[in-house]
Amino acid sequence: MKRATRADLLDVTEAPPGGSTSPHGVRFRPDHWLLVDGARIAGALPGDQPPGDDWQRVDHRGRLLMPGFVDTHVHCPQLDVIASYGANLLDWLNTFTFPAERRFADPHVAKAGAALFLDALLAHGTTTAVVFPTVHKVSAEALFEAAAARGMRLVTGKVLMDRHAPDGLRDDVAGAEADCRALIERWHGRGRSGYAVTPRFAATSTPAQLAMAGRLLADTPGAWMQTHVAENRAEVAWIAELFPEARSYLDVYARHGLLTDRAVLAHGIWLDDADRALLAATGAHIAFCPSSNLFLGSGLFGWRAARDAGVAVSMASDVGGGTSLSMLRTLADGYKVQAMAGNRLTAWALLHAATRGAAQALRLDGEIGCLEPGAMADVCLWDIAVGPVAQRRDALARELHERLFAWVTLGDERNLAETWVGGVRRYQRPTSPSA
Ligand SMILES: [Zn+2]
């Protein structure tokens, strides 16, 4: 199938310089055809030079066509506890999250939960995600199956938790290793699936389990590692008690061989210079979760310090600690969190972190997060302005950054018209919103 879509094409070709609203590193091609041959992007043509009759042509003039967003840290089972009142991280886990996660031991619940979750990601414009299921093997299996059915690039893996978790949510070292190895055998590198070794966080794994996780990572070329680090001060103090020999929370992971150039560490709010140097040296990166950090009152992530140390930063919703699967809302919160520290992020920097920057940090550059020929056609069509306020603002915008910054700040999933994954339409807005 050869398909050409006429729209305003936008992608980020290189990391934009900090603070500049000039579109350096940003490729904006107004009124162009994006050519998709099968699952992959084949190229682009100016609007007045349509491809030949062997191409199916679809006209979305006036809409923005972008790579699908990449959400580098989100929890499938936590849709059930999104927007839960009144708790900091450790209370929130015990009061809301763990009971919800226990239900995913049931294969029917896991299967229905995975389908709901992935369809919701697509309906928010996210085409790739790095996902926490639960401790249950069946919950990871259900996610891999549901992603394969949708042709989605998905990185996930069974959560490792052998202590400090309630009954029904603990594994043990030998059982966890057997489950992980079976999942890796079946899913890692199959189609678009990739395995992530997934210790929940240092407190919920024994040193023996963390060591096992390090062995799994070493034995599995191309595997990712996902976990949490330095999210909340009480958590950081607890980790220091549990691992007195470690220099820092992050060092616990380093000591167990878990910091690789495919490691995704959520939060990283309470890090020091030595931690940042370690991240930069290993190529591990931070998933910045601004909505979750605000909602749980965890703290304000120091993006500028990370950038200055050479640490890559991607963007993540962290639902259910976060309050929306929308990466636009996540970016808008990211802007506000950084504004508190006097660090003004441009729309370009935000969009880079949620598309190409994330792809680079995940070692998937050229495959996702861009509109380059050869990349997978994981793309979204957006209305820049929905509703009278946004439309008025858009009509008054004088240049591209102003328009797109307003889109990032005011937009959400209601702006999304269509989502395509591997050249197949997987989401279409049911009805046009009233303008
Ligand atoms: Zn999380």
Side-chain angles (χ1 to χ4, degrees), residues 72-75 128-137 139-141 143-144 153-163 171-190 192-230 239 242-243 245-268 275 278-287 311-312 314 316 358-365 367:
T72 54
H73 180 77
V74 58
H75 298 253
T128 291
V130 183
V131 182
F132 267 65
T134 64
V135 71
H136 314 101
K137 182 186 178 198
S139 72
E141 191 83 44
L143 267 173
F144 279 126
R153 164 71 62 180
L154 187 87
V155 175
T156 191
K158 187 201 103 67
V159 175
L160 301 172
M161 284 205 283
D162 66 347
R163 64 170 170 174
D171 54 12
D172 58 66
V173 177
E177 178 164 7
D179 284 351
C180 290
R181 291 197 186 271
L183 286 165
I184 288 166
E185 177 77 20
R186 171 131 194 240
W187 292 104
H188 183 55
R190 177 172 155 191
R192 304 189 74 190
S193 293
Y195 198 81
V197 174
T198 308
R200 182 182 207 108
F201 70 123
T204 45
S205 287
T206 56
Q209 188 174 58
L210 292 173
M212 182 276 285
R215 286 197 302 276
L216 272 180
L217 206 54
D219 289 350
T220 313
W224 284 266
M225 195 289 290
Q226 60 174 341
T227 191
H228 299 85
V229 73
I239 302 301
L242 292 172
F243 297 91
E245 72 286 4
R247 195 202 68 81
S248 68
Y249 188 160
L250 184 73
D251 185 46
V252 174
Y253 299 133
R255 284 165 172 261
H256 293 96
L258 294 170
L259 296 187
T260 70
D261 67 356
R262 287 176 179 239
V264 186
L265 295 123
H267 308 294
D275 291 327
L278 182 58
L279 290 170
T282 54
H285 91 276
I286 296 290
V311 179
S314 61
Q360 289 167 339
L362 294 171
R363 316 298 158 188
L364 291 170
D365 194 24
E367 179 73 6

Engineer: With rounding to the nearest 0.5 angstrom, report the OG1 to CG distance, Thr260 to Leu217.
Structural biologist: 5.0 Å
Engineer: Drop me the distance from His228's NE2 to Thr204's OG1, to the nearest 0.5 angstrom.
Structural biologist: 9.0 Å
Engineer: Check whether any side-chain N or O of His188 sits under 3.5 Å from a backbone N or O of Pro221 as a donor-acceptor pair, and report yes or no.
Structural biologist: yes
Engineer: Just wondering, do Leu242 and Arg163 contact through their side chains at under 4.5 Å, heavy atoms?
Structural biologist: yes
Engineer: Return yes if some donor-acceptor pair links the side-chain N/O of Trp224 with the main-chain N/O of Gly194 below 3.5 Å, else return no.
Structural biologist: no
Engineer: Taking all non-hydrogen atoms of both residues, which atom of Thr198 and which atom of Lys158 are closest, and how far apart?
Structural biologist: CB-O, 3.6 Å
Engineer: If every non-hydrogen atom of Gly268 is compared with every non-hydrogen atom of Ile286, which pair is closest and at what distance?
Structural biologist: CA-CD1, 3.9 Å
Engineer: So which heavy atom on Phe144 is nearest to which on Thr156, and how close?
Structural biologist: CZ-O, 3.4 Å
Engineer: Can you check whether Arg200's main-chain N or O pairs, donor with acceptor, with Thr227's side chain at less than 3.5 Å?
Structural biologist: yes
Engineer: Please name the pair of heavy atoms, one in Ala284 and one in Val311, separated by the smallest distance, quoted to 0.1 Å.
Structural biologist: O-CG1, 4.3 Å
Engineer: Okay, side chain of Arg363, backbone of Asp261: is any donor-acceptor separation there less than 3.5 Å?
Structural biologist: yes
Engineer: Quick one, Leu210 with Phe243, criterion side chain to side chain contact (heavy atoms under 4.5 Å, CB included). Give me CA distance, side-chain angles, the key distance, then yes/no.
Structural biologist: CA-CA 12 Å; Leu210 292 173; Phe243 297 91; 3.8 Å; yes
Engineer: List for me each residue that meets side chain to side chain contact (heavy atoms under 4.5 Å, CB included) alongside Gln209, sequence neighbours excluded, and say none if there are none.
Structural biologist: Leu160, Asp162, Asp171, Val173, Ala176, Ser205, Thr206, Met212
Engineer: Identify the heavy atoms of Ile239 and Val252 that sit nearest to each other, and give their distance.
Structural biologist: CG2-CG2, 4.0 Å
Engineer: Just to verify, what does Phe201 make a ring-ring contact (aromatic ring centres under 6.0 Å, His included) with, not counting sequence neighbours?
Structural biologist: none
Engineer: So does Trp187 get a backbone contact from the side chain of Ser193, meaning a donor-acceptor N/O pair under 3.5 Å?
Structural biologist: no
Engineer: Locate the shortest heavy-atom distance separating Thr72 from His285; write the atom from each residue and the value.
Structural biologist: CG2-NE2, 4.4 Å
Engineer: Is Ser139 reaching over with its side chain to a backbone N or O of Thr134, donor-acceptor style, under 3.5 angstrom?
Structural biologist: yes
Engineer: Once you round to the nearest 0.5 Å, how far does OG1 of Thr128 lie from CG of Leu362?
Structural biologist: 8.5 Å
Engineer: Output yes when a side-chain donor or acceptor of Arg255 lies under 3.5 Å from a complementary backbone atom of Glu245, and no otherwise.
Structural biologist: yes
Engineer: Not counting sequence neighbours, which residues clear ring-ring contact (aromatic ring centres under 6.0 Å, His included) with His136? List them please.
Structural biologist: none
Engineer: Below 4.0 angstrom, N of the basic side chain to O of the carboxylate: do Arg181 and Glu177 qualify?
Structural biologist: yes
Engineer: Would Tyr195 and Thr220 count as having a side-chain donor-acceptor pair, cut-off 3.5 Å?
Structural biologist: no
Engineer: Say whether, by atom type as modelled, one donor and one acceptor occur between the side chain of Gln226 and the main chain of His73 under 3.5 angstrom.
Structural biologist: no
